[in-house]
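Only one structure is covered here, and it is reproduced in the block below.
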Amino acid sequence: MLEINKNQYNEIFQNIKNEILSSQYQAINKELIYMYWHIGKIILNNSEWGNKFIDNLSIDLKLEFPDIKGFSIRNLKNMKKFSEEY
């Protein structure tokens, strides 16, 4: 049985660690993209309520999720456009 080469092991470990972190990052990005699309779809399906709907939604989402950024009026309108396009 071969003895473990510490430098080689550390390099292998780093490669595996980077692979895991990369996969987690990609999974988070996919989920965020899906969430943005889905929120945009909901806004689009309720667009008959006008811009006040987006304004109120932005306020309520910021109050409900104060630690999460990205629910500005502009971002919600961008989510709606994203959903329209795809």
Side-chain angles (χ1 to χ4, degrees):
M1 189 172 207
L2 289 174
E3 194 171 318
I4 295 174
N5 178 318
K6 191 157 177 91
N7 289 336
Q8 192 175 13
Y9 173 81
N10 285 336
E11 184 179 329
I12 292 167
F13 176 75
Q14 283 298 332
N15 287 339
I16 291 171
K17 182 177 147 184
N18 290 338
E19 185 66 33
I20 292 168
L21 292 172
S22 175
S23 293
Q24 286 178 330
Y25 181 72
Q26 289 175 11
I28 290 169
N29 278 344
K30 287 178 186 176
E31 288 299 315
L32 278 175
I33 290 170
Y34 177 74
M35 181 186 75
Y36 293 155
W37 175 83
H38 196 239
I39 290 171
K41 184 106 171 123
I42 293 168
I43 293 170
L44 188 60
N45 289 340
N46 294 284
S47 59
E48 71 272 4
W49 289 356
N51 284 337
K52 278 293 183 195
F53 174 66
I54 292 176
D55 296 351
N56 290 337
L57 187 60
S58 175
I59 292 167
D60 289 338
L61 288 171
K62 287 178 190 178
L63 289 172
E64 188 70 26
F65 302 102
D67 296 335
I68 300 176
K69 302 213 181 281
F71 296 125
S72 67
I73 293 169
R74 177 192 284 177
N75 281 349
L76 292 177
K77 287 180 179 181
N78 286 337
M79 289 177 203
K80 179 183 170 189
K81 281 184 186 176
F82 176 62
S83 183
E84 284 176 317
E85 296 292 323
Y86 300 98

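Positions are given from 1 along the sequence. Heavy atoms only: backbone and side chains are in, while hydrogens, waters and symmetry mates are out. As the structure is a computational prediction, the values presented were derived from the model and not from experiment.
Contact check for K52 versus D55: side-chain heavy atoms found under the 4.5 Å cut-off. Residues Y36 and N78 are not in side-chain contact: their nearest non-hydrogen atoms beyond the backbone lie 4.5 Å or more apart.
A distance of 6.5 Å separates CZ in F65 from CZ in F71, rounded to the nearest 0.5 Å. Atom-to-atom distance recorded for Q14:CD and L21:CG is 9.0 Å, nearest 0.5 angstrom. Taken to the nearest 0.5 Å, the CG atom of N45 stands 7.5 Å off from the OG atom of S47. Residue K30 holds its NZ atom at 9.0 Å from CD1 of I33, rounded to the nearest 0.5 Å. Distance CD1/I43 to NZ/K81: 12.5 Å, rounded to 0.5 Å. Here the CD1 atom belonging to I42 is positioned 8.5 Å from the CG atom belonging to L57, to the nearest 0.5 angstrom.
Taken together through direct or relayed side-chain contacts under 4.5 Å among Ile, Leu, Val, Met, Phe, Trp and Tyr, L61 and I73 form part of one hydrophobic cluster. Linking ILVMFWY side-chain heavy atoms closer than 4.5 Å, directly or via other members, places Y86 and L44 in two distinct hydrophobic clusters. Using a 4.5 Å cut-off between side-chain heavy atoms of Ile, Leu, Val, Met, Phe, Trp and Tyr, with links allowed through other members, L32 and I39 fall into the same hydrophobic cluster. In the hydrophobic clustering of ILVMFWY residues, with side-chain heavy atoms under 4.5 Å counting as a link, M79 and F53 come out together.
Ring geometry for H38 against Y34 counts as parallel: the plane angle stays under 30°, on a 0 to 90° scale with 60° as the upper cut.
The minimum heavy-atom distance between S83 and G40, with the atom names listed, is CB-C, 3.4 Å.
A donor-acceptor pair under 3.5 Å is absent between the side-chain atoms of S22 and the main chain of E19, judged by distance alone.
Crowding of E84 atom CD: a count of heavy atoms from other residues, nucleotides or ligands under 6.0 Å exceeding 12. The environment of CD1 in I68 is crowded: more than 12 heavy-atom neighbours from other residues, nucleotides or ligands sit within 6.0 Å. Counting heavy-atom neighbours within 6.0 Å of E48 CD, excluding the residue itself, gives a total above 12.
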